[in-house]
Amino acid sequence: MKEDEYLLPLYKRLDVSFVKGKKSILYDEEGKDYVDFTSGIGVNSLGYANKEVVKTIKEQAKNILHTSNIYRIKSQEKCAKKIVELSNLDMQCFFCNSGAESNESAIKLARKYGNTEFAKAKYKIITIKNSFHGRTIATLKATAQEDKHKFFGPYPEGFVYAKDINEAITLIDESTVAVMLELIQGEGGIFMQDVHKIKELETILKSKKLLLIIDEVQTGVYRSGNFLISQYFGIKPDIITLAKGLSTGIPIGVMMTSLKNIFKAGDHGSTFGGNHMSTTVCTKVLNILEEYSNSGKLEVNIKYFNNYLHYFVDKYPSLFLQKNGWGFMQGLVLNDENKLDEIVKKSLKKGVLVLKSGKNIIRFLPALNISKKEIKQGFERFESSLIEILKEEKRK
Ligand SMILES: *Cc1c(COP(=O)(O)O)cnc(C)c1O
């Protein structure tokens, strides 16, 4: 019997299954260890089995996991305060359970704003080529990768795609309500936007009272070195979405906004969103990360990690074209996209986990508290897989 015969075949899975982890090291069923440079695609911000997080989860489970949002949830109130304070923006939060849901919430909020705040209703949302905003029908349509849209239509109307920020600016018309984008495209190739262009876009949108929505589902929660990459860009978006790294593995999403008077009770909601467990863990994770970032260790280790990537680009020009990315969201761009799967698989065999992005990029999203020792060990294993691939190539 194939053990996965009851699962829909939606993922191209690698044939390994992990049973436990400690910090940035994972162990499979045979006890083999792996250095994890993926953190569950940016989710496990504190790695595995963080002592303080485990303690928080245990204590919370003893008391209460969930009550409905028809009652006050104090841990949710506290968590929202922490998120808003770390953002340094005058905002309020809505809690949900995933990145797609937080973007869906942002789209709904923008639509209500467009439908209520102007004499003639506005509804169009401009998104950027190769973006990724989620897999629900609306967020899939917001994702400007048309090859992904086949088969699932019809879609809600009102999404417009721009090839870059310049084109987004020219596409703004009287029905446009918002521009939504990632400051570094995560799934679409670790592509970072230009700070000046984004500021120009922000100025234009503000002058027309239109909305800037920043999808920080992957870039947020210190992945860039700042709590938000919007802070590094020096912008004040109207809506920001977060999810992946917030609770180091407990599902949670947040849509935060400076628009405090658009949504009224009943306009939107979530059954699970912001429950006692997810928000208690989130506040704990954010406190730990804030302290870690303030200690300077995050910045130092990001530099240490980066030096390795520069080393690989210099040492292996036949494999790598360049390094892309920022903070702990990094990519090595391959000369030959056919090598992508080979490197991921060989690395797995050598005991280090790396991700793909776009067609030709090895993506690195380590836990934010990964140690120098783990980084060194991971890259030694990564290099041994490169050496082996080059050797095998020679033999051919
Ligand atoms: C992962 C991701 C999403 C979707 O998040 P889910 O939790 O899978 O729904 C949306 N936007 C960006 C930028 C992402 O990286």
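The first residue in the sequence is number 1, and the count goes up from there. Bear in mind the structure is a predicted one, so any value in this text is a computation, not a measurement. Both counts, for ligands and for their atoms, begin at 1 and track the order of listing.
With a 4.0 Å cut-off on non-hydrogen atoms, A243 does not touch ligand 1 at all. If you look at E182 next to ligand 1, the close heavy atoms, those under 4.0 Å, all belong to the side chain. With a 4.0 Å cut-off on non-hydrogen atoms, N103 touches ligand 1 through its side chain and not its backbone.
Scanning all protein heavy atoms for the shortest distance to atom 11 (N) of ligand 1 gives D215 OD2, 2.8 Å. Scanning the protein for heavy atoms near atom 9 (O) of ligand 1, the closest one is A100 N, 2.7 Å. For atom 6 (P) of ligand 1, the closest non-hydrogen atom of the protein is G99 N, 3.5 Å. The protein heavy atom nearest to atom 15 (O) of ligand 1 is K244 NZ, 2.6 Å.
For D341 and K356, the salt-bridge test passes: some basic side-chain N is under 4.0 Å from an acidic carboxylate O. A salt bridge is absent between K122 and E117; no separation between the charged side-chain nitrogens and carboxylate oxygens falls under 4.0 Å. Under the 4.0 Å criterion applied to side-chain N and carboxylate O atoms, K284 and E59 are not assigned as salt-bridge partners.
Not a single N or O atom of G134, backbone or side chain, sits closer than 3.5 Å to an N or O atom of ligand 1. Residue H133 has no N or O atom closer than 3.5 Å to an N or O atom of ligand 1.
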K315 vs E383, salt bridge (Lys or Arg N to Asp or Glu O under 4.0 Å): CA-CA, chis, key distance, verdict: CA-CA 10 Å; K315 178 104 187 263; E383 183 162 29; 3.5 Å; yes
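The aromatic rings of F118 and Y113 sit perpendicular to each other, their planes meeting at more than 60°, with 30° as the lower class boundary.
Scanning all heavy atoms of the two residues, the minimum distance from D215 to N103 falls at OD2-ND2, 2.9 Å.
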